[in-house]
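Here is the structure we will look at.
Predicted model, so just to flag it, every value in this text is computed and none were measured. Heavy-atom basis, side chains included; hydrogens, waters and symmetry copies ignored.
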Amino acid sequence: MRVMPMPADANGNGDIFGGWIMAQVDLAGAVLPARVARGRIATVAVNEFVFKQPVSVGDLLSFYARVTRVGRTSVTVHVEVYAERNPAQPVVVKVTQANLTYVAIDRDGQPREIPRD
């Protein structure tokens, strides 16, 4: 996933709100578990979230996710976020990493087993 934060996403110092980044990580991280679970999922835990560098308005953020564990009803994903800065002389830096766990749920919001191939 790629996204560019806007001024409305920044705090008074011009840095992007951590909560905004967390929401984007959750969106990017949910794509793979939804495919693995073949249906509805919900975020059940944020196991780790590390902000390595501040993010600024104009940074182009790229989110990369990989499945690290598939359980009976849950999928754990590792997400790394990189910022591309300075379009005249591009520099790419890792700004965030996180581990999140999603659970497969049914129509009533109850955990369900993940289908096995």
Side-chain angles (χ1 to χ4, degrees):
M1 180 173 96
R2 288 208 169 101
V3 66
M4 185 175 290
M6 295 290 129
D9 307 316
N11 62 24
N13 296 319
D15 297 319
I16 301 305
F17 286 116
W20 182 87
I21 296 168
M22 292 176 83
Q24 303 307 306
V25 165
D26 193 22
L27 288 170
V31 173
L32 292 174
R35 287 182 179 166
V36 170
R38 296 189 195 149
R40 191 174 170 196
I41 58 163
T43 308
V44 69
V46 177
N47 307 310
E48 176 190 43
F49 214 105
V50 179
F51 294 99
K52 295 182 166 290
Q53 288 195 25
V55 174
S56 301
V57 172
D59 285 352
L60 177 60
L61 300 182
S62 297
F63 298 76
Y64 299 93
R66 73 175 187 279
V67 172
T68 58
R69 181 185 169 280
V70 177
R72 191 176 64 81
T73 63
S74 66
V75 179
T76 301
V77 176
H78 179 75
V79 180
E80 294 183 350
V81 184
Y82 293 85
E84 183 178 321
R85 301 178 167 157
N86 189 13
Q89 293 182 325
V91 173
V92 176
V93 295
K94 186 175 182 180
V95 293
T96 305
Q97 68 183 34
N99 292 309
L100 302 96
T101 301
Y102 300 85
V103 67
I105 56 175
D106 62 20
R107 280 188 283 159
D108 298 321
Q110 297 302 307
R112 65 174 173 81
E113 287 198 29
I114 294 173
R116 303 290 182 188
D117 289 335

* Should V75 and L32 be marked as a side-chain contact (heavy atoms from CB on, under 4.5 Å) after you check the CA-CA gap, both sets of side-chain angles, and the distance that decides it? -> CA-CA 9 Å; V75 179; L32 292 174; over 6 Å; no
* Asked: What's the verdict on side-chain contact (heavy atoms from CB on, under 4.5 Å) for R69 and S74, showing C-alpha distance, side-chain angles and the deciding distance?
  -> CA-CA 8 Å; R69 181 185 169 280; S74 66; 3.3 Å; yes
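For the atom pair NZ (K94) and OH (Y82), the distance works out to 4.5 Å, reported to the nearest 0.5 Å. Note that CD of E113 and CZ of R72 are 5.0 Å apart. Values are rounded to the nearest 0.5 Å. Separation of atoms CH2 (W20) and CE (M6) is listed at 8.0 Å; rounding is to 0.5 Å. Here the straight-line distance linking atom CD of Q24 with atom CG of L61 works out to 8.0 Å at 0.5 Å rounding. Taken from NE2 in H78 to CG in N47, the straight-line distance is 12.0 Å, to the nearest 0.5 Å.
The closest side-chain heavy-atom distance from V103 to T101 is not below 4.5 Å. You'll find the side chain of S56 stays beyond 4.5 Å of the side chain of I16, heavy atoms only. Side chains of V25 and F63 form a contact here, defined as non-hydrogen atoms less than 4.5 Å apart. In this structure, the side chains of V67 and T76 stay at 4.5 Å or more apart for every pair of heavy atoms. Side-chain contact between V55 and I21: present, with at least one pair of heavy atoms (C-beta onward) separated by less than 4.5 Å.
More than 12 heavy-atom neighbours from other residues, nucleotides or ligands sit within 6.0 angstrom of CZ on R38.
Residues in residues 5-19 take part in no salt bridge (Lys or Arg N to Asp or Glu O under 4.0 Å) pair, two or more places apart or across chains. Residue pairs meeting the salt bridge (Lys or Arg N to Asp or Glu O under 4.0 Å) criterion with at least one member in residues 48-66, sequence neighbours excluded, are D59-R85.
Considering every non-hydrogen atom in both G109 and I105, the closest pair reads O-CG2, 3.8 Å. The two atoms that bring A28 and A65 nearest to each other are O-CB, 4.1 Å, heavy atoms only. The nearest pair of heavy atoms linking G29 to V77 is O-CG2, 3.8 Å. Between G71 and R116, the closest heavy-atom pair is O-NH2, 2.6 Å. Contact between M4 and G58 at its shortest, heavy atoms only, is CE-O, 3.8 Å. Annotation for R40 and R107: closest pair NH1-O, 3.3 Å, computed over non-hydrogen atoms.
With sequence neighbours left out, the side-chain contact (heavy atoms from CB on, under 4.5 Å) criterion links A34 to I41. The ring-ring contact (aromatic ring centres under 6.0 Å, His included) check on F49 picks up F51, with sequence neighbours excluded. With sequence neighbours left out, the side chain to side chain donor-acceptor pair (under 3.5 Å) criterion links T96 to no other residue. Looking at residues two or more places apart in sequence or on another chain, you find a side-chain contact (heavy atoms from CB on, under 4.5 Å) between D26 and T43, L100, Y102.
Grouping the Ile, Leu, Val, Met, Phe, Trp and Tyr side chains by contacts below 4.5 angstrom, directly or via other members, places V44 apart from V31. Taking hydrophobic clusters as Ile, Leu, Val, Met, Phe, Trp and Tyr residues chained together by side-chain heavy-atom distances below 4.5 Å, V93 shares a cluster with V3. Hydrophobic cluster membership is shared by V79 and M1, with clusters built from Ile, Leu, Val, Met, Phe, Trp and Tyr side chains linked at under 4.5 angstrom. Under a hydrophobic clustering in which Ile, Leu, Val, Met, Phe, Trp and Tyr are joined whenever their side-chain heavy atoms come within less than 4.5 Å, directly or via other members, F17 and V95 fall into the same cluster. Clustering ILVMFWY residues whenever any of their side-chain heavy atoms sit less than 4.5 angstrom apart, transitively, puts V91 in the very cluster that holds V81.
Listed for the D106 side chain is a donor-acceptor partner under 3.5 Å among the backbone atoms of Q110.
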